[in-house]
S.K.: 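Questions regarding the structure given below will be posed in turn.
A, B, ... follow the sequence lines: proteins, then strands. Residue 1 opens every chain.
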Amino acid sequence: MELRFYNTLTNSTEVFQPVDSDCVRMYSCGPTVYDFAHIGNFRSFLFADVIRRTLEFFGHKVHHVMNITDVGHMTDDAAADGAGEDKMQAAARRMKEDKKSGKVPEGAVQNPDDPYQIAKYYTDAFLADARTLGVKVAFEYPENILHATANIDSMLEMIGQLIQNGHAYVGPDKVVYYSVESFPAYGKLSGNTLDQLMTGASRRISDENQANKRHPADFMLWKPDSTHIMKWDSPWGAGYPGWHIECSCMARKRLGRDVIDIHTGGEDLIFPHHECEIAQTCGATGQETFSRFWMHARFLLVEGEKMSKSKGNFYTVRDVLQGRVKDDKGQPTGIHVHPSVLRLELIKSHYRGNMNFTQKGLVDSAGAVKRLSDFRAKLEAATGGKAEPVDLSYPILNEFASALADDLNVAGALGAILPWAASNPSDPAKALGALNRINEVLAVAPLHPASEDSGAGSGEAAEIQALCKELDDARKRKDFAAADNLRGQIQKRGYDVKTSPNGTVAEKRLA
RNA sequence: GGGGCGGUAGCCAAGUGGCUAAGGCAACGGAUUGCAAAUCCGUCACGCGAGGGUUCGACUCCCUCUCGCCCCUCCA
């Protein structure tokens, strides 16, 4: 089956073919580790995960690499926003407050003034969240998730190559800049052209800083700064690297190719980040192409609005999982969300449209996850767990695959399998085989055990069971008022109450 | 101002130049139930942001407008 992806580089949907047929090499822009990653970040990471899993579904071997930005970049290279505080310093300040208030566990970060400790704290949190949500590459740390600070050498090497190739220069301020005019293709990815950028509407670039550059769009590769919180020796003085260079270097180094297959990120990274990466890599390698495909996920909205801390709709993964999503009255629901539910919620709509994250959507996704899980349980019961492998000629699998092959149409794929998951297949062993393959991509059923929810406490489970027993007793003696009351109590604690042949059963709600 | 993406029922969300515009949720009717839940059966867009144009025929192609989102500053 032909795989087609929308390529930001050409603004069109193209048939995907790897450069080398042995393996697809893809790189995803990962998180900065100055704070917890939020669900918008994870929409992008999960989008990359779905690409990877889809490629694997179609039989490709995939080498997926992601970066962790732990260099203490300034909030702005040119201090144009007035603050100009180093992000790592800001994190340190926040960390000290959080330690005082007990938000950071005792001993988690010994010394907040050590940027590596802060980076480690948030890196660990990111990896934990990513694994909880089934992001495959997170299980390949540290081989395929690379720290920028561990790769300064290759950045220095690439900067040297760029100077040598005439793509970079040392400005009067001793800063090493990339010369965008030396790279004619600059702007191809984003559609921006140099003259348009020059007259850019933002006007937030300081004149002082611009005076040192040959062109206003020239960007920093290395900044000598002996006062910076994180600094390394270099031929251009002790300092730190520009933001864009790490991805160019680490993709090349770890993937072992000058030209890779797929590069992913959020839509905001198209310009300047990815544009600059292309200029750097191609400037250094002399190739015309850095990545054949550039794929970008649109932004996530929360209840129809931009996510922002001031609006109170800013959620981390753990906020959602631990029931801190607010309902329409602005109160936390208190209902723990199963990771599979959040995963599905964040991947279920097309990546090229804005996604609206809502409490209602979460409940919706919980229903879908439950249906798929119940379906699996039914098939396993019917077959004793013995699945028969099926190929793409199996009708449902074919529909599922066709949708995915068409620019990652997850919603279309779900449209095919959800009614199927409510049916009674005549060949349960084959159906189970199909479900297994489908789940390689979706990874939502069975519910993976990495759930923090599983620690709900055996005490609670026993209590709920006792309440169910009481309920059954009440029903037996036809004390329906008491029964209704007990049912209400159980429901209030986040369980669905069901009547089964073996008496009342309570199931924890998934969202 | 420039570059890019999107607007499909109460909500989420596919899709196609021409059979009856997927699927899910919600809602409604029925079976079932002490009542519910779960489950099962059924109903639910004469319409695809607005207006033009091309066409035998467009929601799908073209133009204009409009709304939303991202970027031109760090940001998934």
S.K.: How close or far is atom P of B:C25 from atom NZ of A:K348, stated in whole angstroms?
M.R.: 11 Å
S.K.: To the nearest 0.5 Å, tell me how far A:I438 CD1 sits from A:I417 CD1.
M.R.: 5.0 Å
S.K.: With A:F480, which residues qualify under ring-ring contact (aromatic ring centres under 6.0 Å, His included), at least two apart?
M.R.: none
S.K.: Looking only at side chains, do A:S365 and A:K348 share a donor and an acceptor under 3.5 Å apart?
M.R.: yes
S.K.: Determine the interatomic distance between P on B:G3 and the same-named atom on B:C11; round to the nearest Å.
M.R.: 33 Å
S.K.: Which atoms of nucleotides 6-11 of chain B (N or O only) lie under 3.5 Å from a protein N or O atom, and what are those distances?
M.R.:
{"unit_1": "B:G10", "atom_1": "N2", "unit_2": "A:K360", "atom_2": "NZ", "d": "3.3"}

S.K.: Who does B:C35 pair with, Watson-Crick or G-U, both distances under 3.5 Å?
M.R.: none
S.K.: Expected output is a numbered-order residue list: members of residues 39-51 of chain A with a heavy atom under 4.0 Å from any atom of RNA chain B. What is it?
M.R.: A:G40, A:N41, A:S44
S.K.: For RNA chain B, which residues of residues 273-281 of chain A approach it to below 4.0 angstrom with any heavy atom?
M.R.: none
S.K.: Which residues pass the salt bridge (charged side-chain N to carboxylate O under 4.0 Å, His left out) test with A:R53, not counting sequence neighbours?
M.R.: A:D49
S.K.: Will you find, in the side chains of A:D129 and A:T132, an N or O donor that is under 3.5 Å from an N or O acceptor?
M.R.: no
S.K.: In whole angstrom, give me the gap between the C1' atoms of B:C48 and B:G17.
M.R.: 14 Å
S.K.: Roughly how many Å apart are B:U20 and B:U43, using the C1' atom of each and rounding to a whole number?
M.R.: 15 Å
S.K.: Round to the nearest Å and state the distance from A:L414 atom CG to B:C25 atom P.
M.R.: 12 Å
S.K.: In this structure, how many angstroms lie between the P atom of B:C25 and the CD atom of A:E345, rounded?
M.R.: 14 Å
S.K.: Could you go step by step and tell me if A:F293 and A:L9 meet the side chain to side chain contact (heavy atoms under 4.5 Å, CB included) rule?
M.R.: CA-CA 7 Å; A:F293 277 77; A:L9 193 59; over 6 Å; no
S.K.: Using purine N1 to pyrimidine N3 plus N6-O4 or O6-N4 for Watson-Crick, or N1-O2 and O6-N3 for G-U wobble, each under 3.5 Å, what pairs with B:U43?
M.R.: B:A27
S.K.: Between B:A31 and B:C46, how far is it from one C1' atom to the other, in whole Å?
M.R.: 32 Å
S.K.: Any luck finding a side-chain donor-acceptor pair between A:T358 and A:N356 under 3.5 Å?
M.R.: no
S.K.: From the list B:G23, B:C69, B:C35, which nucleotide is the closest neighbour of the side chain of A:L301?
M.R.: B:C69
S.K.: Any idea which of B:C35, B:C69, B:A13 is nearest the A:S349 side chain?
M.R.: B:A13
S.K.: Who passes ring-ring contact (aromatic ring centres under 6.0 Å, His included) against A:Y178, sequence neighbours left out?
M.R.: A:H167, A:F219
S.K.: More than 12 foreign heavy atoms under 6.0 Å from NZ of A:K378: is that the case here?
M.R.: yes
S.K.: Checking all strands, does A:N11 fall into the base, sugar-phosphate, or nothing category for heavy-atom contacts under 4.0 angstrom?
M.R.: sugar-phosphate
S.K.: Given that A:D496 and A:N192 both sit by RNA chain B, which one's nearest nucleotide is further toward the 5' end?
M.R.: A:N192
S.K.: Would you call the rings of A:H296 and A:H274 parallel, tilted or perpendicular if under 30° counts as parallel and over 60° as perpendicular?
M.R.: tilted
S.K.: For the P atoms, the ones on B:A38 and on B:C44, what distance do you get once it is rounded to whole angstrom?
M.R.: 23 Å
S.K.: Tell me the interatomic distance from A:L194, atom CG, to B:G3, atom C1', rounded to whole angstroms.
M.R.: 13 Å
S.K.: Whole angstroms only, please: what is the CG-P distance between A:L344 and B:C12?
M.R.: 16 Å
S.K.: Identify whether any heavy atom of A:H296 sits under 4.0 Å from a base atom; if not, whether one sits that close to sugar-phosphate; answer base, sugar-phosphate or nothing.
M.R.: nothing
S.K.: When rounded to the nearest 0.5 angstrom, what distance separates NZ in A:K508 from CD1 in A:I335?
M.R.: 8.5 Å
S.K.: Checking A:R437 now: which residues fulfil salt bridge (charged side-chain N to carboxylate O under 4.0 Å, His left out) with it, not counting sequence neighbours?
M.R.: none
S.K.: Find every protein N or O atom lying less than 3.5 Å from an N or O atom of nucleotides 29-31 of chain B, and list the pairs.
M.R.:
none

S.K.: Within the structure shown, what part of the strands sits under 4.0 Å from A:Y34 by heavy-atom distance: base, sugar-phosphate, or nothing?
M.R.: nothing
S.K.: With sequence neighbours left out, write down each residue that passes ring-ring contact (aromatic ring centres under 6.0 Å, His included) with A:F42, or none if nothing qualifies.
M.R.: A:F45, A:F126
S.K.: Please round to the nearest 0.5 Å and tell me the distance separating atom CG of A:N354 and atom CG of A:L300.
M.R.: 8.5 Å
S.K.: With P as the reference atom in both, quote the distance from B:U8 to B:G68 in angstrom, rounded to an integer.
M.R.: 14 Å
S.K.: Now, which nucleotide makes the Watson-Crick or G-U wobble pair with B:U60, with each of the two distances under 3.5 Å?
M.R.: none
S.K.: With A:Y141, which residues qualify under ring-ring contact (aromatic ring centres under 6.0 Å, His included), at least two apart?
M.R.: A:H147
S.K.: Given side chains that start at C-beta, do those of A:E463 and A:R493 come closer than 4.5 Å, heavy atoms only?
M.R.: yes
S.K.: For B:U16 and B:A76, measure between their P atoms and round to the nearest Å.
M.R.: 33 Å
S.K.: Give one of base, sugar-phosphate or nothing for A:A411, where a contact means two heavy atoms less than 4.0 Å apart.
M.R.: base
S.K.: Have a look at A:N424 and say if it touches a base, only the backbone sugar-phosphate, or nothing, with a 4.0 Å heavy-atom cut-off.
M.R.: nothing
S.K.: Checking all strands, does A:G415 fall into the base, sugar-phosphate, or nothing category for heavy-atom contacts under 4.0 angstrom?
M.R.: base
S.K.: Assuming nearest nucleotide by heavy-atom distance, tell me which of A:F271 and A:L300 is located more 5' along RNA chain B.
M.R.: A:F271
S.K.: Main chain of A:T504, side chain of A:D472: is a donor-acceptor contact present, judged purely on distance under 3.5 Å?
M.R.: yes
S.K.: How many whole angstroms separate atom NZ of A:K306 from atom C1' of B:A76?
M.R.: 13 Å
S.K.: Check this for me, if you would: do A:D473 and A:K469 make a salt bridge, where the nitrogen-to-carboxylate-oxygen distance has to be below 4.0 angstrom?
M.R.: yes
S.K.: Respond yes when some side-chain nitrogen or oxygen of A:Y495 is under 4.0 Å from OP1 or OP2 of B:A37, and no when none is.
M.R.: no
S.K.: A:Y351 has an atom OH; how far is it from atom P of B:A13, in whole Å?
M.R.: 16 Å
S.K.: Under 3.5 Å, is there a donor-acceptor pair linking the side chains of A:S248 and A:T281?
M.R.: yes
S.K.: Please evaluate the base of B:G15 for a donor-acceptor partner in the side chain of A:N409 within a cut-off of under 3.5 Å?
M.R.: no
S.K.: When we call it a touch if two heavy atoms are under 4.0 Å apart, what does A:L269 touch: a base, just sugar-phosphate, or nothing?
M.R.: sugar-phosphate
S.K.: Can you tell me the distance, in whole Å, between the CG atom of A:D268 and the P atom of B:C5?
M.R.: 17 Å
S.K.: Please tabulate, one pair per line, each protein N/O and nucleotide N/O from nucleotides 38-41 of chain B that are separated by under 3.5 Å, including the distance.
M.R.:
none

S.K.: Considering Watson-Crick and G-U wobble pairs with both distances under 3.5 Å, what does B:C5 pair with?
M.R.: B:G68
S.K.: Who pairs with A:D327 by salt bridge (charged side-chain N to carboxylate O under 4.0 Å, His left out), at least two apart in sequence or on another chain?
M.R.: none
